[in-house]
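The structure under discussion appears below in the form of structure tokens.
Letters A, B, ... are given to chains in the order of the sequence lines, protein chains preceding strands, and every chain is numbered from 1. Keep in mind the model is a prediction, meaning the values are calculated, not measured.
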Number of protein chains: 2
Amino acid sequence: MPDGGPPTIVSIAERAGVSIASVSRVLNGQGARRDTTERVRRAAAELGYVPNAVARSLKGGRTRQLTFAMPDIGNPVYVAMVRAIQEVTKAAGYRLLLHSTDAVAEDELAVLRSLQDRTSDGLILVPIRITDAHVAALGAAAGPVVVIGSLPPGVPVDSVRADSVAGATLAVRHLHATGRRRIAFVNGPADTVPGHHRELGYRAGLAECGLPYRPELVVRTEFGVEAGARAARRLLPAGPDALFCANDQLALGAAHALLARGLRVPADLAVAGMDDSELAQVAWPPLTSVDLGSAERGRRAAELLLDRLDGRPAPPGGERAGPAPRTTTAPPRLVVRASTAPATDPKP
Amino acid sequence: MPDGGPPTIVSIAERAGVSIASVSRVLNGQGARRDTTERVRRAAAELGYVPNAVARSLKGGRTRQLTFAMPDIGNPVYVAMVRAIQEVTKAAGYRLLLHSTDAVAEDELAVLRSLQDRTSDGLILVPIRITDAHVAALGAAAGPVVVIGSLPPGVPVDSVRADSVAGATLAVRHLHATGRRRIAFVNGPADTVPGHHRELGYRAGLAECGLPYRPELVVRTEFGVEAGARAARRLLPAGPDALFCANDQLALGAAHALLARGLRVPADLAVAGMDDSELAQVAWPPLTSVDLGSAERGRRAAELLLDRLDGRPAPPGGERAGPAPRTTTAPPRLVVRASTAPATDPKP
DNA sequence: CTGAAAGCGCTAACAA
DNA sequence: TTGTTAGCGCTTTCAG
């Protein structure tokens, strides 16, 4: 007859005829007499006992949960990060809480604040914009935070960034090298950090190749497949021979729009994206893309976070624990696929 | 000077000069004198107080966390479910824990068992196979569980299923109606529930259309883009005029392989998938697919779970609470896109 | 080696 | 209306 609820150390203690302290010790692998150990183990097994994680957390001051907050769970880039993070944190015995902020700054701040309710021991955050409120909230965070993205200097938080400026330059140079001269740029919102950086890289690339910057070859929109398609249609009248897109979703949408118009990729226009996500591989034609090390960044972020967590169960409010903030940068890498093969002469 | 830790009701009580009970009452919106309320509010604000969720959970016996365990977070179908579930549970004030089981049965069982550690109040599970161990574990679950998928009769758990048999039949009939006669089938593992059902539907569809079942036109492999590509290459020698695939990932891979061989879709071969995930829309050509109501199933599962949760904070161990298990079935719906347009005469 | 007891932060009786 | 107090289940001194 159940006593009305799941078994606790008390039920075990009673059944084994020992104190709850002994139960706790045995179950946590501490020393105990052969006999005691035996009886506790058996009682626990018979009752199907599983320790209550909440009680443990309350006592220990840590939940062994970590939170990963990203803009959009539908973007394969973040899926790649989740996988990498998961791998690291799981090995360290942490559960991972996933949170999709839909790129809403308000939501990002809420996540940051939620560290305070002690639901998770630490946070990996991918912000899309960095406002003053972000900076303030990051400074006041109630627990360790690692940001994946570029932070203004002085924010006391570990971060892992991609070198998207260099990455974008890489792509432009590649397009130029394959004979493209009117390289259009489909960007996300220019007021986001990635958007800003990728545009800088695009312009740097043009400059390096001796190509002029033409405003009519640049479109700024949202990140997303549909937005990419619209942007491509809008750019066509300007007569580009290549579309460089700020991420794979945009590139996929753009390629789609071109094909739907009966244009050939890459014969008529080359298309390149960024992130080298799964989308780049499953697109038709397969997309040239700049690998910004998503998985690598995720892995690194998780490691940084675990590092902060070690030794210091719950950082005291206010002052940050451990060494000064660290920043890692993942180097970009161009992955060439069919979508940017050199233009061949049009069919006779 | 911080007292070495985040503020608690004690700090607030001291600062406001009231008892901790009053603090709790005010903060939980219970009655209190104007004056008291005022002072507590102010003290809480000044201290930046946020209630400790863990302590609350321990006291209340519920975490206000729910778990969603799916086979693969990289599959857009599950992303769609996550979105739908999120929407429902968020509105009800629950946090959502995401867990990717990688379709490992062992992992699914672990999740089920983990309900016992009281980390979450309930679970939505998408199993890929149902073993005896699953049935046993589902029966013994320590909290409410809703399964998305088909369950053997008698398992005392709410479930939401897709009618993939009918869905597959729909697709075959459509292919037949557009003039295809040698309709090949690319399935996932036949020993999974979805794999089994989709194959039943395929055969039913053939029968309805008066087409013979030809073993050489069927391939069973893993679910996944790469597997789809391999399967398509393997089927080509058998001379199919359509490839019906058990999900969109397979269909995308298959279409890819065909295009890479220089074949035209749909002119030479039609391709259709199932799930109507985002992949179907971003594929080239856009894929005809059978919508199995992923979002709808997610939403419904969340509702069922919340329903069980209501009124009964923590179901006592063993006996299940509330009404008998309920099962909902989402009707399939064919979404026709370019990949299955009727074959035109080959170019002269 | 083992047991009694304190206490993590909070809510909810029960008293005053 | 308010304060005192008893736990929620667990880990961890501190005595024995």
* To do: Give, for atom CG of B:Leu138 and atom CD1 of B:Ile130, the distance between the pair rounded to the nearest 0.5 Å.
  =>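 So the gap between those two atoms works out to 6.5 Å.
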
* CG/B:Leu151 to CG/B:Leu125 distance, rounded to the nearest 0.5 angstrom? -> 9.0 Å

* Asked: Atom CZ of A:Arg62 to atom P of D:dT12: distance rounded to whole Å?
  -> 11 Å

* Describe the nucleic acid contact of A:Thr36 in one word from base, sugar-phosphate, nothing, applying a heavy-atom distance below 4.0 Å. =>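 Result for A:Thr36 = sugar-phosphate.
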
* Would you indicate what A:Ala32 reaches in the nucleic acid, counting non-hydrogen atoms under 4.0 angstrom: base, sugar-phosphate, or nothing? =>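 The answer is sugar-phosphate, as A:Ala32 gets under 4.0 Å only of primed atoms, P, OP1 or OP2.
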
Would you list the protein and nucleotides 6-10 of chain D atom pairs, both N or O, that sit under 3.5 Å from each other?
residue: D:dG7; atom: N2; partner: B:Lys59; partner atom: NZ; Å: 3.0
residue: D:dC8; atom: O2; partner: B:Lys59; partner atom: N; Å: 3.4
residue: D:dG9; atom: N2; partner: A:Ala55; partner atom: O; Å: 3.4
residue: D:dC10; atom: OP1; partner: A:Tyr49; partner atom: OH; Å: 2.3
residue: D:dC10; atom: OP1; partner: A:Asn52; partner atom: N; Å: 3.1
residue: D:dC10; atom: OP2; partner: A:Ile9; partner atom: N; Å: 2.7

Looking just at side-chain N and O atoms, do [X] and [Y] make a donor-acceptor pair shorter than 3.5 Å?
{"X": "B:Arg161", "Y": "B:Ser150", "result": "yes"}
{"X": "B:Thr63", "Y": "B:Ser57", "result": "no"}
{"X": "B:Thr328", "Y": "B:Arg300", "result": "yes"}
{"X": "A:Arg15", "Y": "A:Tyr49", "result": "no"}
{"X": "A:Thr327", "Y": "A:Ser159", "result": "yes"}

* Start at the 5' end of DNA chain D and walk down; is the nucleotide closest to B:Arg33 or to A:Gln30 reached first? -> B:Arg33

* Boundaries of the chain A footprint along DNA chain C (any atom under 4.0 Å from a heavy atom) -> C:dC1 to C:dG9

* To do: Report the C-alpha distance between B:Asp307 and B:Arg326 in whole Å, list the side-chain angles of each, state the deciding distance to 0.1 Å, and finish with yes or no for salt bridge (charged side-chain N to carboxylate O under 4.0 Å, His left out).
  => CA-CA 11 Å; B:Asp307 218 51; B:Arg326 291 157 294 180; 2.9 Å; yes

* Can you establish whether the number of heavy atoms outside A:Glu87 located under 6.0 Å from its atom CD is more than 12? => no

* **B:Asn28 atom CG: more than 12 heavy-atom contacts under 6.0 Å** => yes

* To do: Enter the inter-axis angle for the ends of the helix from C:dC1-D:dG16 to C:dA16-D:dT1 (five pairs per end, rounded to 10°).
  =>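 Computed from the C1' atoms at both ends, the axes differ by 50°.
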
